2 protein chains.
Amino acid sequence: MNEVEFRELRYFVAVAEELNFSRAADRLGIAQPPLSRAVRQLERRLDVRLFDRDTRTVTLTPAGLALLDEARHVLTTMAGLTRRIRRAAHPGTPLRVTAKAGMAAGMLRAITGHYTALPGAPAVDILVSGYREQAAMVRDGRADLALLTPPYEARGLELEALAEEPRMAALPTGHPLTRHPTLHPADLEGLPMPRGPGEDGPGPVVHDSAQLLEVVGLGQAVALVPRYLADAHPRPDIVYRPLRDADPYTISVAWAEGNRSQAVALFVRAALELYADVPD
Amino acid sequence: MNEVEFRELRYFVAVAEELNFSRAADRLGIAQPPLSRAVRQLERRLDVRLFDRDTRTVTLTPAGLALLDEARHVLTTMAGLTRRIRRAAHPGTPLRVTAKAGMAAGMLRAITGHYTALPGAPAVDILVSGYREQAAMVRDGRADLALLTPPYEARGLELEALAEEPRMAALPTGHPLTRHPTLHPADLEGLPMPRGPGEDGPGPVVHDSAQLLEVVGLGQAVALVPRYLADAHPRPDIVYRPLRDADPYTISVAWAEGNRSQAVALFVRAALELYADVPD
DNA sequence: CACCTCTTATACCGTGCAGGTATGAATGAG
DNA sequence: CTCATTCATACCTGCACGGTATAAGAGGTG
């Protein structure tokens, strides 16, 4: 009984996502029979049935579902590792740091200024990234570091908290909840909330905070926003209300789990020196 | 240019650990020439030199050092994944939970009792494990859950804090520091501290708390211990002193990153219901 | 300095396995 | 009943993984 190979995980994930061997094979650029065989081999190796298949339909078993989640994690870890090592080898490559527009971008500029003044610090490329894709960029190696704001999935990342901002509820003008001077998170339960691309759930998809405010102003959703955003964008069609007892809105610096690069460590230290007012 | 395969990572790690192609090949059970070729192929794939080799000695390049850390992580993740999936498929397998002897073991018994009373909860195997090897057991799949106490490496784990204990300094009777009624962590800087097997640094190696107290009693080291241990083991040859401003000694429940098993989630919930007096 | 040892690199060969093609079998659609 | 779709089976091919033999370079040693 041999070891599971990376290729088999790639194949498995493709099939699990397509739930169709032929289409998955197409996507992988191989023929269908070798793919079927590879998946069977993986099943034999693990001694586990991963798919229930009859001649028409393919479905994941519970074990398959569990594997899908873990295999995806391994694949993105590997993709990120590859990118990081390739870059680490060529010295003088700039550090790539990402944050969304808004307060985080401002903090990023400040940290970068502090950092580049340090001896031995390489140049920094600032990547502006879309709504809530910062974590994914770090995981798969498109960026070395990110400033993150909740919600995010911490898996595969290491974090240091930098700063906290109180949260405000953003409501369309005239919304019934605007009668209350302050709100609790529970008041917003069940209301449509905007979500980033790739997240599922109800509510409209937005790519940046301008779009987010727009959908709130149009009455399509309510949102939780950090106070700086409320201060920076007063709008006649939006009413902001402070929230009591909400989770704090913590801005953290994040890097890939296991990334022990000198430049990354230096940047994190620079960030903590500037902003570390938050206990771990 | 094809994808990096697991086999190549395994080979790379073996060479990086042995720093000798022949011995590494031996350990892997293959001949030396194919191993050399595989490593060269990995270097070509990554477009990175991983080793500086002349005909006598092999050393890691900085890029190789970075890869070693990440590759080890990927390999243990894979080993754990394999074990978890294999077990997940065979329902009715008991949940394996580990903790070191002492207070954590007592908590573990209490949680287990609470848990097994729940509907649909499978049996629980309690594994007693050695000093500070709990995290490794969860990472590589030998256990599903662990109760952890600091210090530990959180990489690859997800954690929930359960309880805190104040720390005490354990000093040999007659030690100069025993003159002070309370101590600060800085007072212990530079003194020999016991360490677990596999950790490096100065200080004697111990495998359990009995050994730990023994080396303190013999004057070979000083140690930080949770208060329950001090209460449970009064000894004439050891003096305990409370510590001010020390990091709290937090006992957490931990499971493998990405493990979304029903049984694990239920166990964590049971643990939190019993003990969750610690904010996250 | 010659010789031996140790270690990695090169050359060459065989075979196992990944991947391709052709086709069968099962099942749902019309 | 027929056709389309989809997964499984059978068989073939080529490559790359692994093995053996050996060269080449670098220390150590008398």
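The model shown is predicted, which means the values in this text are computed figures rather than measured ones. All chains are named by letter (A, B, ...) in the order of the sequence lines, taking the proteins before the strands, and each is independently numbered beginning at 1.
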Task: Sub-4.5 Å side-chain heavy-atom contact between B:Arg269 and B:Tyr115 - done: no
Task: Close side-chain approach of A:Leu9 and B:Met78, heavy atoms under 4.5 Å - done: yes
TODO: Would you give a per-nucleotide map of nucleotides 10-22 of chain C, 5' to 3', where B means the base has a protein non-hydrogen atom under 4.0 Å away, S means only the sugar-phosphate does, and - means neither?
DONE: B-------BBBBB
Open item on the list: For B:Arg53, is there an ion pair with B:Glu43 - N to carboxylate O distance below 4.0 angstrom?
Closed with: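 Yes, charged N to carboxylate O under 4.0 Å.
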Open item on the list: Under 4.0 Å between a side-chain nitrogen and a carboxylate oxygen: does that hold for A:Glu3 and B:Arg7?
Closed with: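 Looking at A:Glu3 and B:Arg7, the cut-off is not met.
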Nearest-Å distance, [atom1] ([X]) to [atom2] ([N])?
| X | N | atom1 | atom2 | value |
| --- | --- | --- | --- | --- |
| B:Leu28 | D:dG19 | CG | P | 10 Å |
| B:Leu35 | C:dA9 | CG | P | 10 Å |
| A:Asp54 | D:dT5 | CG | P | 17 Å |
| A:Asp26 | D:dC7 | CG | P | 12 Å |
| B:Leu42 | D:dA16 | CG | P | 16 Å |
| B:Phe21 | D:dG19 | CZ | C1' | 18 Å |

Open item on the list: Let's test your reading of the model: under 3.5 Å, does the base of C:dC6 pair with the side chain of B:Arg56 as donor and acceptor?
Closed with: yes
Open item on the list: Over all strands shown, is A:Ser22 touching base, sugar-phosphate only, or nothing at heavy-atom distances under 4.0 angstrom?
Closed with: sugar-phosphate
Task: Phosphate-side-chain proximity, B:Asn20 and C:dT8, N/O vs OP1/OP2 below 4.0 Å - done: yes
TODO: Please determine if a side-chain N or O atom of A:Arg53 lies less than 4.0 Å away from the OP1 or OP2 oxygen of D:dA8.
DONE: yes
Task: Distance flag, aromatic centroids of B:Tyr11 and B:Phe6, threshold under 6.0 Å - done: no
- [ ] Measure across A:Pro194 and A:Val222 and return the closest heavy-atom pair with its distance rounded to 0.1 Å.
- [x] CD-O, 3.1 Å
